[in-house]
S.K.: 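One structure, as structure tokens, below. Some questions next.
Every heavy atom of this structure was used, including side-chain atoms; hydrogens, water molecules and symmetry mates were not.
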Amino acid sequence: MTATRLPETDAGSGPSAPDRRPLADELRRIRRGLWRRAGTGRRRLRQATRREARRALATWRSSLQVRIGAITTVVAGTVVVIVSMVLFSQIRDQLLDVKRQAAIDQVQAGVVYAQNEVAGIATGDAASVRSTLDRTVNALLQRGGAAGDFDVVMVYRPANQDRTTTTRRPLYEALPRELRAAVDSGSQASKYDQVPDATGDLQSTLLVGSPVSGDAQGPDRIELYYAFPLQQEQESLSLIRSTVVISGVALTLLVVGIAVLVTRLVVDPVRRAAGTAQRLAEGQLEERMVVRGEDDLARLATSFNAMADSLQRQITQLEGLSQLQQRFTSDVSHELRTPLTTVQMAAEILHESRDEFAPHVARSAELLHTELDRFEALLTDLLEISRYDAGAAVLDSAPTDLGALVDRVVDGMTALALRHECELQVTVPAEAVLAEVDARRVERILRNLVGNAIEHGAGHPVEITLASNRSAAAVTVRDHGVGLSAGEAQHVFDRFWRADPSRVRTVGGSGLGLSISLEDARLHGGWLQVWGQPGAGAQFRLTVPLVAGEDLTSSPLPLRPVRLRRAGGPR
């Protein structure tokens with residue numbers, strides 16, 4: 001007969017291994033989700049803590065009252081805590097010393113009484129001993145004393161057997177060994193310890209023990225113990241502690257309040273002076289501080305008002321001189337227009353007829369024609385500057401393709417670049433860059449920048465780059481000429497300023513081009529900035545908003561050339 005062996009199965013086993021895998025994966029996913037939630041909660045808590053810390057730090061830095069209040073709170077609180085601890089310690093020690101002295105006096109009186117009671121005790125009669133001990137303990141309890149409530153334990157120790165009489169049974173077992181050993185040695189002793197009360201709860205207690213000498217001879221000894229609960233003293237100390245704490249907090253708050261009040265009396269005039277100074281800086285020259293009293297703060301307000309009066313007079317004088325200068329520049333520029341037109345007409349006739357003159361006369365006619373053109377450009381720039389100074393410049397914005405504008409400027413400056421053997425390299429994006437700008441003013445800015453780069457580029461290529469982002473467009477003009485130092489870069493937009501006064505202008509500019517360009521950029525709400533490094537050339541960057549009137553926050557192009565940044569050159 002053949003037996004077939006069937007595979008063994010465990011009837012009590014759970015799901016098989018393939019069935020357990022989805023459950024384990026689900027548990028792992030749940031565990032990971034819980035960890036992620038816990039991590040997110042911790043991150044949020046840390047972020048909230050950092051925000052509150054930054055806010056508190058900002059308040060600490062910006063408010064003198066907060067700093068003085070916090071410092072006063074810490075100092076006053078520390079002093080009050082130290083004084084309160086010393087005062088409470090002295091009161092506690094004094095209270096316990098009075099209690100201990102009264103307890104010792106009461107124990108000594110009780111020992112004298114007990115000696116008289118046990119003088120004729122019959123040591124061999126247990127009933128007589130018990131009766132004498134009970135009578136003595138009850139009498140001691142009835143006598144009372146100045147130390148307050150107490151319990152009594154009386155121990156009669158013949159040979160190796162103790163006979164005790166006590167007002168509370170657990171009291172005898174709670175007597176410390178150190179105290180019993182001291183009394184057993186024949187001396188009076190005292191100790192503070194935790195002893196069960198009538199309900200079994202531990203209570204601070206003053207224990208005083210003393211031997212009682214009697215007529216018994218031999219090894220028989222009598223010991224008397226008093227237990228004085230310190231509940232009343234604890235209540236008194238708790239009341240004193242609460243009073244000290246409340247008084248300390250009230251005193252600290254009072255000191256802090258006084259400090260904050262005094263600080264406010266001093267800080268408020270300073271804040272008013274700061275506000276008045278800020279309004280003066282904003283142009284409200286009639287602002288003055290109110291003078292109250294005759295103290296130091298009043299003298300400060302008086303001096304501040306005198307300073308404001310002096311500043312107002314000087315600013316008024318400067319404004320008058322500035323208006324006079326602007327009017328003079330404008331009037332002179334306008335008045336020169338008529339004779340300049342006449343002279344230009346005559347010079348144009350001489351220039352057209354120069355072939356009929358002698359060579360030196362013909363050269364003079366050419367020079368006269370060139371310089372008159374330069375003179376006209378100077379008058380035009382002076383009139384433009386006078387309009388900016390008078391606040392009469394108006395922006396005529398319209399959607400403009402900046403790429404086409406850059407190409408137009410490059411085409412106009414190609415002839416000048418060829419004369420200087422300079423190559424103009426233009427980089428513009430494939431997509432059109434549209435911005436709401438005054439095309440005439442932006443073209444003038446770029447013309448001035450490209451002409452300046454050609455003049456100072458020493459024949460090296462001039463790189464012109466256009467880029468944009470969501471809110472702004474920027475054009476950089478980079479030359480590789482002599483460059484600018486940090487000090488020169490601060491004055492490059494000043495009127496009639498030149499890095500090298502001995503250098504001859506080859507472009508024929510008026511010396512006002514960059515100044516007018518800066519004003520044109522500001523009129524657009526944009527930036528005109530310069531970077532320079534001696535021997536490495538210079539780069540100007542014009543940044544304008546794509547929508548007129550919007551504020552700029554960043555520029556699409558870096559002010560410092562990218563290649564220098566990658567090379568790790570100085571910033």
Side-chain angles (χ1 to χ4, degrees), residues 282-283 326 330 377 380-414 424-454 462-479 492-495 509-510 512-531 538-562:
E282 292 172 354
Q326 294 170 14
S330 179
T380 303
D381 290 344
L382 284 174
L383 284 173
E384 190 69 20
I385 284 290
S386 66
R387 280 194 289 269
Y388 276 116
D389 291 340
V394 178
L395 191 67
D396 186 12
S397 299
T400 304
D401 186 355
L402 296 182
L405 192 147
V406 169
D407 292 338
R408 189 161 62 247
V409 170
V410 171
D411 291 340
M413 303 300 293
T414 301
L424 299 180
Q425 300 176 353
V426 183
T427 303
V428 296
E431 299 82 5
V433 178
L434 296 177
E436 296 179 3
V437 297
D438 189 332
R440 180 180 65 86
R441 297 182 184 275
V442 173
E443 184 176 352
R444 179 167 60 189
I445 295 173
L446 296 180
R447 232 182 12 250
N448 286 326
L449 296 182
V450 174
N452 183 75
I454 293 173
V462 174
E463 302 168 5
I464 305 167
T465 305
L466 170 66
S468 66
N469 57 20
R470 294 182 179 179
S471 61
V475 180
T476 59
V477 179
R478 169 87 163 98
D479 68 73
V492 73
F493 296 108
D494 294 348
R495 299 175 185 180
S510 63
L512 296 173
L514 291 180
S515 300
I516 295 176
S517 298
L518 180 62
E519 297 296 338
D520 283 335
R522 288 175 177 172
L523 192 61
H524 283 84
W527 304 333
L528 182 57
Q529 300 161 297
V530 62
W531 168 91
Q539 176 165 293
F540 287 81
R541 181 181 68 180
L542 171 65
T543 308
V544 293
L546 295 181
V547 179
E550 289 191 353
D551 294 331
L552 289 178
T553 57
S554 62
S555 179
L557 292 173
L559 178 60
R560 188 166 175 262
V562 177

S.K.: Could you measure the distance from the CD1 atom of I445 to the CZ atom of R440? Nearest 0.5 Å is fine.
M.R.: 10.5 Å
S.K.: Give the minimum heavy-atom separation between L552 and G526, together with the two atoms involved.
M.R.: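 Minimum heavy-atom separation between L552 and G526: CD1-CA, 3.6 Å.
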S.K.: Would you mind checking if E519 and R522 are paired as a salt bridge, meaning a charged N to carboxylate O distance below 4.0 Å?
M.R.: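 Yes, R522 and E519 are salt-bridged.
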S.K.: Rounded to the nearest 0.5 Å, what's the gap from CG on L528 to CD1 on I516? Could you check?
M.R.: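 Spacing of CG (L528) from CD1 (I516) equals 12.5 Å.
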S.K.: List the residues meeting side chain to side chain contact (heavy atoms under 4.5 Å, CB included) with P399, not counting sequence neighbours, and say none if there are none.
M.R.: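 P399 satisfies side chain to side chain contact (heavy atoms under 4.5 Å, CB included) with no residue once adjacent residues are dropped.
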S.K.: Taking side chain to side chain donor-acceptor pair (under 3.5 Å) as the definition, give me every residue that meets it alongside S517, ordered by chain and number, with sequence neighbours left out.
M.R.: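 If we apply the side chain to side chain donor-acceptor pair (under 3.5 Å) test to S517, skipping adjacent residues, the hits are N448.
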S.K.: Residues in side chain to side chain contact (heavy atoms under 4.5 Å, CB included) with D401, at least two apart?
M.R.: A404, A432, L434
S.K.: Can you name the residues that form a side chain to side chain donor-acceptor pair (under 3.5 Å) with D479, not counting sequence neighbours?
M.R.: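 D479 satisfies side chain to side chain donor-acceptor pair (under 3.5 Å) with no other residue.
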S.K.: For a 4.5 angstrom cut-off between non-hydrogen side-chain atoms, does V450 reach V410?
M.R.: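 A side-chain contact is absent here, since even the closest heavy-atom pair is not under 4.5 Å.
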S.K.: If we only count heavy atoms from C-beta on, is the L424 to I454 side-chain gap below 4.5 Å?
M.R.: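 The answer is yes; the side chains approach within 4.5 Å.
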S.K.: Where is the tightest heavy-atom contact between A473 and V433, given as atom of each residue plus distance?
M.R.: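 Here A473 and V433 meet closest at CB-CG1, 3.9 Å.
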S.K.: In the structure I gave you, are the side-chain heavy atoms of V442 and T400 within less than 4.5 Å of one another anywhere?
M.R.: no
S.K.: Strictly distance-based, threshold 3.5 Å: is any side-chain N or O of R541 a donor or acceptor partner for the main-chain N or O of L557?
M.R.: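 Judged by distance alone, yes, a pair lies under 3.5 Å.
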S.K.: Identify, with sequence neighbours excluded, every residue that meets side chain to side chain donor-acceptor pair (under 3.5 Å) alongside E436.
M.R.: none
S.K.: Who are the side chain to side chain donor-acceptor pair (under 3.5 Å) partners of S555, not counting sequence neighbours?
M.R.: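 Here the qualifying residues are T543.
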S.K.: I need the minimum non-hydrogen distance between L514 and V492, along with the two atoms involved.
M.R.: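 Reported closest heavy-atom pair: CD1-O, 3.5 Å.
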S.K.: Going by heavy atoms in the side chains, are V437 and L402 under 4.5 Å from each other?
M.R.: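 SC-SC contact between V437 and L402 confirmed.
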S.K.: If we only count heavy atoms from C-beta on, is the D551 to P545 side-chain gap below 4.5 Å?
M.R.: no
S.K.: Please report the shortest heavy-atom distance between L559 and W531, naming the atom on each side.
M.R.: O-CB, 3.7 Å
S.K.: At their closest point, which heavy atom of A548 faces which heavy atom of S397, and how far apart are they?
M.R.: CB-OG, 4.1 Å
S.K.: Would you mind reporting whether H524 and D438 have side-chain heavy atoms less than 4.5 Å apart?
M.R.: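 Side-chain contact under 4.5 Å: yes.
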S.K.: To the nearest 0.5 Å, what is the distance between CG (L446) and CZ (F540)?
M.R.: 12.5 Å
S.K.: Which of these passes side-chain contact (heavy atoms from CB on, under 4.5 Å) with R444: L449, V409, D520?
M.R.: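 Only match with R444 under side-chain contact (heavy atoms from CB on, under 4.5 Å): D520.
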S.K.: Working to the nearest 0.5 Å, report the span between OG1 of T476 and CD of E463.
M.R.: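 Answer rounded to 0.5 Å: 8.0 Å.
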S.K.: Can you name the nearest heavy-atom pair linking W527 to T553, along with the distance?
M.R.: CH2-C, 3.9 Å
